[in-house]
Undergrad: 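Dumping the structure here so I can ask a few things about it.
As a basis for the values below, the full set of heavy atoms in this structure was taken, side chains included, without hydrogen atoms, waters or symmetry mates. Both ligands and their constituent atoms are indexed starting at 1 by order of listing. On a predicted model such as this, the values are computed, not experimentally measured, just so you know.
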Amino acid sequence: MILRNIAALVGPALRHVHRTTISMSDTFASIKKGSRVGSVDCEGLVAIPGLINSHTHIGDSVAKDIGAGRDAAWRIHPVYGAKRKVLESTDPRTIVRYMRQTISSMLECGTTTFVDFREGGTGGIALLRRALAARPIRAVVLGRIESYDSALRVRKNAKPDPGRRAEVDALLAECDGLGISGANENSDASLRQYSLTPKLRAIHAAETANGGRFSMRNTGRSEVARALLADPHFVIHMTQATRAQMRSVARRTRGVVVCPRANASLAEGGPDIAALAGAGCNVALGTDNVMLNSPDLLAEMDYAWKAGMARAHAPIDPRDILCMATINAGRMLGKKIGAISPGMAADCVLIDMSDIDMAPTHNIHAAIVGRATKRTIRAVIIGGKLVRGRI
Ligand SMILES: [Zn+2]
């Protein structure tokens, strides 16, 4: 595909170029001036990298807003929360049907890759694969062993059951890595066992104030320090983290995924995006549980930008927010996605800058982060193929 006469945010700095020509097959081939034979005229459109939702749980799409107004533990605790009960008591076909709906919703909102924490072991992964069948979106699937250590086992640093190793191997044969629920329900020995696995490792940490207090009470150590025992490639949330914890995560991982709207929906405050970036963290963005929050990264960017500035009492460059949903996420995942650059996967979203909410545009990054909606998306391209809309 060749797109001519198009504006674009190119390279790792999302540099704004005008009236360019983008050639692509499954990867981007070139971005340069000059019209080419067979090209499509894209006057008025801007190409941005396909958005990467770095943290979702789409399995709970069936449980939208259950327990709205209740606290985090009541709603989403991995062992006794409402979410687990709903997932266990719902017919698998119904779970798949609503996961498919969420995949469609993400595509319509410009998400070209999502990273899912899939509960339910190999069976849970099989359901997600069914929902993904024939869907063009890219998915990074992080599975979970549904066995947890009690507070007593954590305190005594109990060793995992002898069968756990084989269970983990069987799980990893089906997916891209581990999405570990958190440190509080895993002993040091369990977390260390996870640290030795060969694929991606990610873990929730410092999401709730209660979780942090529990960790100190039960083990005398912080939740973040214990989460790092799993040697994660990236950590989810860090909403309650101290500056020292942010610095240690920056040193020892590839990134932090923040989920500001999900945190707010649980009345847990919000991530300090400016402080995380200042501590050296590579910050990416996720929408978290569909039960809590819509899977719309455009809405997430708008909220992250404004709530981030409200918290920091200082301006945040909207380009940095767009990087969180594109460039930073690709780097964190270690994949050639998230940028419009030669050699990267040809995933992009074409936004109509003549839309009534977009024109006139005085700051392209602010316009996309703060004003773009599903309606302003003219087309979504994944791997060089048009998967939504028309041009
Ligand atoms: Zn999560």
Side-chain angles (χ1 to χ4, degrees), residues 52-67 70-84 86-87 99 102 106 111 113-120 124-125 128 139-146 148 175-186 194 200-212 223-224 227 230 232-241 249 253 255-271 276 283-297 300 303-304 324-325 329 332-333:
I52 302 171
N53 192 339
S54 293
H55 187 61
T56 62
H57 301 253
I58 72 165
D60 60 31
S61 299
V62 69
K64 291 181 185 82
D65 304 318
I66 288 180
R70 308 291 293 258
D71 67 17
W74 192 95
R75 299 185 77 187
I76 55 164
H77 192 281
V79 181
Y80 54 78
K83 165 180 150 170
R84 188 174 191 195
V86 170
L87 290 182
M99 285 201 284
T102 292
M106 287 194 286
T111 295
T113 299
F114 72 105
V115 183
D116 198 70
F117 266 39
R118 186 69 264 263
E119 302 84 355
I125 292 167
L128 179 53
V140 176
V141 179
L142 303 179
R144 181 178 307 171
I145 301 289
E146 294 279 356
Y148 303 98
C175 65
D176 303 296
L178 291 177
I180 306 162
S181 61
N184 284 341
E185 54 282 350
N186 286 288
Y194 289 144
L200 280 174
R201 295 176 298 276
I203 186 167
H204 294 117
E207 178 180 12
T208 67
N210 268 339
E223 200 190 343
V224 173
H233 294 95
F234 51 99
V235 171
I236 320 298
H237 293 307
M238 294 289 282
T239 312
Q240 320 292 335
V249 165
T253 72
V256 171
V257 183
V258 296
C259 307
R261 286 189 306 151
N263 293 159
S265 77
L266 294 171
E268 289 290 347
L276 285 162
V283 185
L285 197 60
T287 58
D288 208 358
N289 303 74
V290 182
M291 179 180 172
L292 308 177
N293 188 27
S294 72
D296 178 351
L297 264 186
E300 199 71 43
Y303 184 86
M324 288 164 52
M332 181 184 82
L333 295 167

Undergrad: What protein N/O/S atoms are found closer than 2.8 Å to the Zn ion (ligand 1)?
TA: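 Under 2.8 Å from the Zn ion (ligand 1) - ignoring waters, which are not counted - the protein N, O or S atoms are His55 NE2, His57 NE2, His204 NE2, Asp288 OD1.
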Undergrad: Under the side-chain contact (heavy atoms from CB on, under 4.5 Å) test, which residues partner Ala329, sequence neighbours left out?
TA: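 Ala329: side-chain contact (heavy atoms from CB on, under 4.5 Å) contacts with Ile52, Ser54, Ala284.
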Undergrad: Partners of Asn184 by side chain to side chain donor-acceptor pair (under 3.5 Å), sequence neighbours excluded?
TA: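 Once residues adjacent in sequence are excluded, Asn184 has no partner under the side chain to side chain donor-acceptor pair (under 3.5 Å) criterion.
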Undergrad: Holding to side chain to side chain donor-acceptor pair (under 3.5 Å), I want the full list of residues that pass it with Asn289, two or more places apart in sequence or in another chain.
TA: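 In terms of side chain to side chain donor-acceptor pair (under 3.5 Å), with neighbours along the sequence ignored, Asn289 is linked to Asp60.
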Undergrad: Using a 3.5 Å distance criterion without hydrogens, assess whether the side chain of Glu300 forms a donor-acceptor pair with backbone atoms of Arg261.
TA: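 A pair under 3.5 Å: yes.
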Undergrad: From the options Ile58, Val140, Leu297, select the one residue that forms a side chain to side chain contact (heavy atoms under 4.5 Å, CB included) with Phe114.
TA: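 Of all the options given, the one that passes is Ile58.
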Undergrad: Please report the interatomic distance CD1(Ile76) to CD(Glu207), rounded to the nearest 0.5 Å.
TA: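 Between atom CD1 of Ile76 and atom CD of Glu207 there are 4.5 Å.
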